[in-house]
Amino acid sequence: MIKLGTDDKKTFEGVGGFSFNNDAASHLLINLPKEGNGEQKGSDVLIYHLNSGKSQNLGNVREHSANKAGTHLAYSVDAANSQGNGLYLLTLSTNSIQVLDSDEAGYQSLNWTEKGDAFAALKMKKDKKIQAGSRHFAWGEKSQQSSGYSLRTCKRFDRF
């Protein structure tokens, strides 16, 4: 990465992919390749703060997505033995993380609305009664009572 108008250069090794936090473009999100052969699908995401030059690592991230304004990063964690799996929301300006849901489940298909004021994800939990497991639809939305987001889930469904 080269800072335009200067000779400043920053190199990142072993990058699997990258993106910026949409409109704000204040953070570079770097996907690092998964290590090991475990069942978990998560890998590390390095967040590089463009203004400060500091890096922050998020571990075992399965999916991540910034809202349109680039103020929030929603991400799901898929860790070994499902410990710490969940749906999280990072406020990029304050670096604070809100745990929206945590369970021995998988979270996937994370998408923000066009406005960027709410997002949706699938929560997949193993159910011994159902061979394929059960699925829940979850969505996060900005709370009217506070500046935070809250998570809502709807009833389990067994087929798409």
Side-chain angles (χ1 to χ4, degrees), residues 1-126 132-133 135-142 148-149 151 160:
M1 181 172 69
I2 299 171
K3 186 174 183 179
L4 298 176
T6 71
D7 291 332
D8 295 346
K9 188 181 344 180
K10 176 76 176 167
T11 304
F12 300 95
E13 300 292 329
V15 173
F18 70 92
S19 60
F20 290 93
N21 60 319
N22 294 329
D23 290 354
S26 58
H27 296 74
L28 176 63
L29 310 168
I30 301 169
N31 300 320
L32 302 173
K34 179 184 166 187
E35 292 183 12
N37 296 323
E39 288 184 30
Q40 73 274 10
K41 294 176 177 66
S43 62
D44 287 354
V45 172
L46 184 68
I47 300 174
Y48 182 73
H49 301 255
L50 296 171
N51 292 333
S52 68
K54 294 181 180 179
S55 296
Q56 172 184 358
N57 187 70
L58 295 177
N60 300 312
V61 175
R62 179 173 182 161
E63 292 181 20
H64 63 82
S65 181
N67 67 338
K68 182 178 168 106
T71 57
H72 292 86
L73 180 73
Y75 64 97
S76 62
V77 168
D78 190 339
N81 301 317
S82 299
Q83 301 299 310
N85 282 9
L87 195 56
Y88 299 83
L89 186 69
L90 171 64
T91 303
L92 291 166
S93 62
T94 61
N95 230 18
S96 64
I97 296 173
Q98 185 179 354
V99 180
L100 298 174
D101 194 55
S102 182
D103 200 347
E104 290 186 19
Y107 299 82
Q108 64 186 53
S109 303
L110 182 60
N111 282 292
W112 285 89
T113 63
E114 181 119 358
K115 285 178 164 179
D117 58 351
F119 62 89
L122 286 177
K123 177 180 179 179
M124 314 271 290
K125 189 166 182 169
K126 290 182 182 175
R135 297 167 182 90
H136 299 258
F137 177 73
W139 72 93
E141 60 187 6
K142 195 160 177 80
Y149 281 72
L151 186 76
F160 287 105

### Within-4.5 Å side-chain heavy-atom neighbours: S96 and T91
yes
### Query
Counting heavy atoms not belonging to F18, are there more than 12 under 6.0 Å from its CZ?
no
### Task
Would you please test H49 and N95 for side-chain contact (heavy atoms from CB on, under 4.5 Å) and show each step?
CA-CA 10 Å; H49 301 255; N95 230 18; 3.8 Å; yes
### Message
As an exercise, state the distance from CG of L100 to CG of L87, rounded to the nearest 0.5 Å.
### Response
5.0 Å
### Task
Return yes if some donor-acceptor pair links the side-chain N/O of N85 with the main-chain N/O of A105 below 3.5 Å, else return no.
yes
### Query
What's the spacing between L58 CG and Y88 OH if we round to 0.5 Å?
10.5 Å
### Task
Run the numbers on S26 and N21 for side chain to side chain donor-acceptor pair (under 3.5 Å), then give the verdict.
CA-CA 7 Å; S26 58; N21 60 319; 3.1 Å; yes
### Query
Once you round to the nearest 0.5 Å, how far does CZ of R62 lie from CG of L110?
11.0 Å
### Summary
Minimal heavy-atom distance between Y48 and S55, with the atoms involved, is CD1-OG, 3.4 Å
### Chi angles and distances behind the side-chain contact (heavy atoms from CB on, under 4.5 Å) call for W112, H72
CA-CA 10 Å; W112 285 89; H72 292 86; 4.0 Å; yes
### Query
Between the main-chain N or O of S109 and the side-chain N or O of E63, is there a donor-acceptor pair closer than 3.5 Å?
yes
### Message
Pairing donors with acceptors under 3.5 angstrom, does anything connect the side chains of N111 and S65?
### Response
no
### Atom pair CG/CG of N67 and L73 - distance to nearest 0.5 Å
9.0 Å
### Message
Please check: side-chain N/O of D23 versus main-chain N/O of G70, any donor-acceptor pairing under 3.5 Å?
### Response
no
## Note on the structure
Value for CG (D103) from NZ (K123), rounded to nearest 0.5 Å, stands at 4.0 Å
### Any Y75 side-chain heavy atom under 4.5 Å of V45 side chain
no
### Task
Evaluate the criterion side-chain contact (heavy atoms from CB on, under 4.5 Å) for residue pair Q83 and E104; output intermediate values, then yes/no.
CA-CA 7 Å; Q83 301 299 310; E104 290 186 19; 3.6 Å; yes
#### Entry: Smallest separation among heavy atoms of P33 and G14, with atom names
CD-O, 2.8 Å
### Message
Tell me which one of L50, N22, L92 satisfies side chain to side chain contact (heavy atoms under 4.5 Å, CB included) with H27.
### Response
L92
### Query
Under the 3.5 angstrom rule, does the side chain of S76 hit a backbone N or O of V61 as a donor-acceptor pair?
no
### Message
Working to the nearest 0.5 angstrom, can you tell me the gap between S19 OG and L28 CG?
### Response
7.5 Å
